[in-house]
Amino acid sequence: MSGNENNLIGSRVEDARRVRFLNALKIAGLTVSEGKLALYADDYDRILAEIGLVRKLAAQSKTPG
Amino acid sequence: MAYEFGGEPISVTARRLREGSLTSVKITREAIMKIEREDRSIKSFALVTKERALADAHAADAAFRAGHDKGIMHGIPYAIKDVFDTRGIRTEANSRAFANRVPSTDAAVVERLNEAGAVLLGKLSCYECSTIGPDPTLPCEPVRNPWNTDYVTGGSSSGSGAAVAAGFVAVAIGSDTAGSVRGPAGYCGVFGLKPTSGLISRRGLMPLSHTMDHVGVIGATPHDIAAMMGVLVEHDSVDRASRLPSKSIFDKPLAPWAGPIRVGVPRHHFTVDRQAGAEIQGLIDRSLNTLADAGAHIEEITLPSYEAFEACGRVIMLSEAFSLYEDRLRAEPHLFGPHMHQWITPGAFITESDYLSALRLRKTLTEEMDRVLLRHDVIMTASILTPAPKFSDLPPDRIPTIDMQGFPATLTGHPALAVPIGFSSEKLPLSMQLLGRRMDDERLIQVALWLQVLI
């Protein structure tokens, strides 16, 4: 695969991530300036990963109540 | 341990006040002059309440002359993070969203200190609304580390850590939701206690996370923290988390720990799950070896991963914080600094179901901690993972990453004490953390005193 093809795939992944984050922002009724989107998208990915870990561990929990 | 900064311990000042060799007015005036002289470069105070302080000090001296003694904090200056309500005095949380906010009542801790005759020296700077920083765009400039003003103090109780390290006060009050007392205490080389959940009322504390917020105390010595705790511990029916221990605590002077003690060390938290710097790891080992030589039983333990505590803590904290600020963030986003806005926004993406899952996981993590503390009297672990970062190394356009292990104790409600353990090669303070059983806060102070004697 050429460097150009790699870059194209990279930018598509970035686009998908951006669209997913913009959708989440829209649902939440929030706006973020264009220049800060990448920063906020990083935080979005982080909280999604943390929520995933919480769900997994809570499902394994044997604590009643 | 020797401190370049800091005045004499509260117990010594209290004795001199009663002997008549010192007056509260004199120490208050000297403290104000020191702040006027030195805080220009440190910026720990958001507001110095000079007139109020001198009035408090005159009242204390008059009471002593009349033979009235309200206890160890009587006539002693203290300062408080600017997120605690002070009647008639601006309380702005370093946020434009709260500019010119003047509460009509005192926070519970201020009421207690008023009753104890303590001298309110002023309001201390902090990260915006106890969130994240340092953010140079806020009303108060970032607080600078008294050991070297090129370096940060950590936060969010930045001013509380710096004011004690600079020797402006022997003791200060902060708040701790994810390490906000222990972080600045660690970076500034002083002691910081996040007490057992419910031990100190949060009434009048501007909230961030209603199930994780704690009032905390930063002191130059463990004794200074104990003196302050003796005033602050009280049941308050307004704070529904408030509870008292079955026996009275902090009601007498504490001695260094003597007797057998079992210390658990979750080394994986600061060597595998996260990496503490080599200097911190070395100093923690030195402290452990010293305790072992003095007869402590040291055992390596396994806790749930640090990631589990952090993920659970962040889901709960950000969800609660967003719920609190949601309306204002939508209506007036320009009133919040860029760091707070970015920090709090992920709270919008957490569903009710995620929040409830995190509460369920929190119970499991708390039970795990309780289980370990059945077999061990204290847990010794890292607090800050590196020395304080340099201002010039912080990214200009994003939230700085401050590495500290604050979540377990605020999530589970166990008491935790940041303890200075030495200095880095750049002569910046380093710290570790002791955690204990609920309502066993005194023991943490006693172990810290023991370590002071031994090292």
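All values derive from a computational prediction rather than experimental measurement.
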Out of A:Leu25, A:Leu39, A:Leu53, A:Val32, return the one with the most heavy atom pairs under 4.5 angstrom to chain B.
A:Leu39
Just do the side-chain contact (heavy atoms from CB on, under 4.5 Å) check on B:Ile350 and A:Ile47 with the steps written out, would you?
CA-CA 8 Å; B:Ile350 300 165; A:Ile47 198 71; 4.0 Å; yes
What part of B:Pro338 gets within 4.5 angstrom of chain A, counting heavy atoms only: side chain, backbone, both, or neither?
both
Let's test your reading of the structure: which of B:Arg330, B:Gln342, B:Arg362 forms the most heavy-atom pairs below 4.5 Å with chain A?
B:Gln342
Sequence neighbours left out, what pairs pass side chain to side chain donor-acceptor pair (under 3.5 Å) with at least one residue falling in residues 399-409 of chain B?
none
When rounded to the nearest 0.5 angstrom, what is the spacing between CD1 in B:Ile344 and CG in A:Asp43?
12.5 Å
Given the rule in the side-chain contact (heavy atoms from CB on, under 4.5 Å) test, do A:Leu30 and B:Thr345 qualify, once you have shown the distances and angles that lead to the verdict?
CA-CA 9 Å; A:Leu30 295 170; B:Thr345 294; 3.9 Å; yes
Using heavy-atom distances under 4.5 Å, tell me whether A:Lys36 contacts chain B through its side chain, its backbone, both, or neither.
side chain
In this structure, are over 12 heavy atoms from other groups packed under 6.0 Å from B:Arg240 atom CZ?
no
If you draw a 6.0 Å radius around CD in B:Glu332, do more than 12 non-hydrogen atoms from other residues or ligands fall strictly inside?
yes
Taking every heavy atom of A:Tyr40 against every heavy atom of B:His341, the minimum-distance pair comes out as OH-ND1, 2.7 Å
Taking all non-hydrogen atoms of both residues, which atom of B:Phe349 and which atom of A:Ala28 are closest, and how far apart?
CE2-CB, 4.1 Å
Between the main-chain N or O of A:Ser61 and the side-chain N or O of B:Arg360, is there a donor-acceptor pair closer than 3.5 Å?
no
For chain A, find its close neighbours in residues 306-322 of chain B: heavy-atom separation under 4.5 Å, sorted by number, or none.
B:Glu307, B:Ala308, B:Glu310, B:Ala311, B:Cys312, B:Arg314, B:Val315, B:Leu318, B:Phe322
Answer yes or no: does atom CD of A:Gln60 have more than 12 heavy-atom neighbours from other residues, nucleotides or ligands under 6.0 Å?
yes
Contact winner vs chain A - B:Asp354, B:Leu329, B:Leu356, heavy-atom pairs under 4.5 Å:
B:Asp354
If every non-hydrogen atom of A:Val54 is compared with every non-hydrogen atom of B:Leu361, which pair is closest and at what distance?
CA-CD2, 4.1 Å
